[in-house]
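Below is one structure, written out as structure tokens, with a few remarks after it.
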Amino acid sequence: MSRFFIFILFTSSVASQASRKFSFKTGASVTIPCHYDRTYIQHKKYWCYGSTFSFCTIQAYANKTKGKVTVIDNPAESLFTVTMNYLQTENTGWYYCGVEIAGQSDDYEALHITVKSDPDLSVMESRVSGEEGGSVTVQCLYSAAYQNKQKQWCRFKDKVCNTFRRTDASQNSAVNLSDDGRRSLSVQMSGLKKSDAGWYWCSAGDLQVPVHISVCDPPPVVTTAVTTTTHRVSTYTKPVEFCIAQN
């Protein structure tokens, strides 16, 4: 019988990372968020590939699609997203989220992507929607090589992480992480608020995988009033804000 483990959460803030590392499945289409300082909102953003940043080749600029790559800028969140379609093993290598700065060296972040048939870290769904006040669950799958590596669930915009460790008891929290003992970790976020929407990542050791959470209104409330003399029925429906997938 498999033992079911619960993890206690510890909140920490990650100051910065030299690079992010991803392991993606062959044939997959993935979306990666890239953060930039708000002072660069009007600057051109791009996605670059190469062994070093100095000699990388720009694959696409923001709000453009080139080949299998689409880059979308989201100034309201100070980030742009990069979608890469139908990944192949030859797409393994170093990539860079770049921002052009006139008269100076461009600002950039380095990322390493490995593409193979059996990735070391993945998620069942990379885009998850939930209702305000409700909950969502993200399932993270990791390989045997990462069985004993540290696992985290982190919010992209402020890099605040929940780190979990094995224990026999669970701690009540808006975020609960559990392991079924078969290299599958579940992250449950409950009591959702609109402010919880955005990009997150699940990590194991030095690998991470991005996940986008959308939070929408609960089902509409319908009230019915019946007038017995005329048998007229009136209804009122609360306006609904639908969850819309974001890049």
Side-chain angles (χ1 to χ4, degrees), residues 7 9-25 28-37 45 47 71-72 74 77-84 87 91-92 94-97 108-116 119-130 135-143 145-165 173-179 183-190 192-193 195-215 245-247:
F7 293 80
L9 310 179
F10 300 86
T11 301
S12 63
S13 179
V14 180
S16 62
Q17 296 177 331
S19 64
R20 289 185 281 162
K21 296 182 179 180
F22 305 90
S23 180
F24 294 130
K25 185 178 179 64
S29 293
V30 300
T31 300
I32 299 171
C34 297
H35 180 266
Y36 57 82
D37 190 277
K45 293 90 181 179
W47 179 247
V71 180
I72 302 295
N74 188 344
E77 296 185 41
S78 298
L79 64 83
F80 64 91
T81 59
V82 180
T83 299
M84 302 175 69
L87 290 171
N91 296 129
T92 293
W94 285 97
Y95 294 81
Y96 308 88
C97 303
Y108 72 93
E109 178 190 12
L111 307 90
H112 189 270
I113 292 175
T114 300
V115 182
K116 55 184 182 178
D120 288 308
L121 182 66
S122 61
V123 289
M124 294 295 291
E125 293 182 271
S126 59
R127 292 182 179 274
V128 182
S129 298
S135 64
V136 293
T137 299
V138 177
Q139 190 173 8
C140 308
L141 309 175
Y142 59 87
S143 69
Y146 285 78
Q147 181 85 39
N148 298 316
K149 300 292 185 180
Q150 184 184 66
K151 315 299 189 307
Q152 291 186 313
W153 174 253
C154 304
R155 183 164 180 158
F156 184 72
K157 73 177 183 180
D158 53 19
K159 296 182 173 61
V160 171
C161 298
N162 292 300
T163 301
F164 47 94
R165 299 181 177 88
S173 174
V175 181
N176 185 59
L177 297 88
S178 59
D179 192 335
R183 302 200 297 273
S184 174
L185 294 123
S186 294
V187 180
Q188 184 181 58
M189 298 176 62
S190 57
L192 290 172
K193 303 183 293 291
S195 58
D196 291 324
W199 284 98
Y200 293 77
W201 76 78
C202 182
S203 69
D206 60 351
L207 290 178
Q208 62 176 248
V209 58
V211 178
H212 189 271
I213 304 294
S214 296
V215 181
Q246 298 181 22
N247 289 317

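Because only heavy atoms are used, hydrogens play no part in the values below, and waters and symmetry mates are left out as well, while side chains stay in.
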With a 4.5 Å heavy-atom cut-off, do Val211 and Trp199 have their side chains touching?
no
To the nearest 0.5 angstrom, please state how far the OG atom of Ser203 sits from the CG atom of Leu185.
10.0 Å
How are the rings of Tyr36 and Phe80 set to each other: parallel, tilted or perpendicular (split at 30° and 60°)?
parallel
Hey, does His35 have a side-chain heavy atom less than 4.5 Å from the side chain of Ser78?
yes
Looking at side-chain heavy atoms only, is the closest gap between Thr137 and Val187 below 4.5 Å?
no
Within this structure, what is the CG-CG distance for the pair Leu121 and Asp206, rounded to the nearest 0.5 Å?
10.0 Å
Quick one: does Val30's side chain get under 4.5 Å of Thr83's, heavy atoms only?
no
Let me confirm one number: the CZ-SG distance from Arg20 to Cys97, rounded to the nearest 0.5 Å.
5.5 Å
Kindly indicate, with the supporting measurements, whether the criterion side-chain contact (heavy atoms from CB on, under 4.5 Å) is fulfilled by Lys21 and Gln208.
CA-CA 6 Å; Lys21 296 182 179 180; Gln208 62 176 248; over 6 Å; no
What one should report as the nearest heavy-atom pair of Trp47 and Ile32 is CH2-CD1, 4.3 Å
Check whether any side-chain heavy atom of Gln139 lies under 4.5 Å from a side-chain heavy atom of Ser184, and answer yes or no.
yes
Test side-chain contact (heavy atoms from CB on, under 4.5 Å) applied to Met189 and Asp196, step by step:
CA-CA 9 Å; Met189 298 176 62; Asp196 291 324; 4.3 Å; yes
Do Glu125 and Val138 touch side chain to side chain, with heavy atoms closer than 4.5 Å?
no
Any idea which heavy atoms bring Phe156 and Trp201 closest together, and the distance?
CA-CZ3, 3.9 Å
Tyr96 side, atom OH; Cys34 side, atom SG - distance, nearest 0.5 Å:
13.0 Å
Between Lys151 and Lys149, is there a donor-acceptor pair closer than 3.5 Å when you use the side chain of the first and the backbone of the second?
yes
Distance check, rounded to the nearest 0.5 Å: Tyr142 atom OH versus Asp120 atom CG?
12.5 Å
Please find out if less than 6.0 Å separates the ring center of Trp153 from that of Tyr200.
yes
Which pair of heavy atoms, one from Tyr95 and one from Ile113, lies closest together, and at what distance?
CD1-CD1, 3.8 Å
Taking all non-hydrogen atoms of both residues into account, name the closest pair between Ser135 and Gln188 and its distance.
OG-NE2, 4.1 Å
Rounded to the nearest 0.5 Å, how far does CZ of Phe22 lie from OG of Ser122?
13.5 Å
Would a 4.5 Å heavy-atom cut-off, applied to side chains only, mark Tyr146 and Leu207 as touching?
yes
Which pair of heavy atoms, one from Pro210 and one from Thr31, lies closest together, and at what distance?
CG-O, 3.3 Å
Test side chain to side chain donor-acceptor pair (under 3.5 Å) on Thr163 and Gln152; report intermediate values, then the result.
CA-CA 5 Å; Thr163 301; Gln152 291 186 313; 2.6 Å; yes
Please report the C-alpha distance between Ser214 and His212 in whole Å, then the side-chain angles of each, then the deciding distance to 0.1 Å, and finally whether the side-chain contact (heavy atoms from CB on, under 4.5 Å) criterion is met.
CA-CA 7 Å; Ser214 296; His212 189 271; 3.5 Å; yes
Using modelled atom types only, decide if a donor and an acceptor are shared between the side chain of Thr81 and the backbone of Pro33 within a distance under 3.5 Å.
no
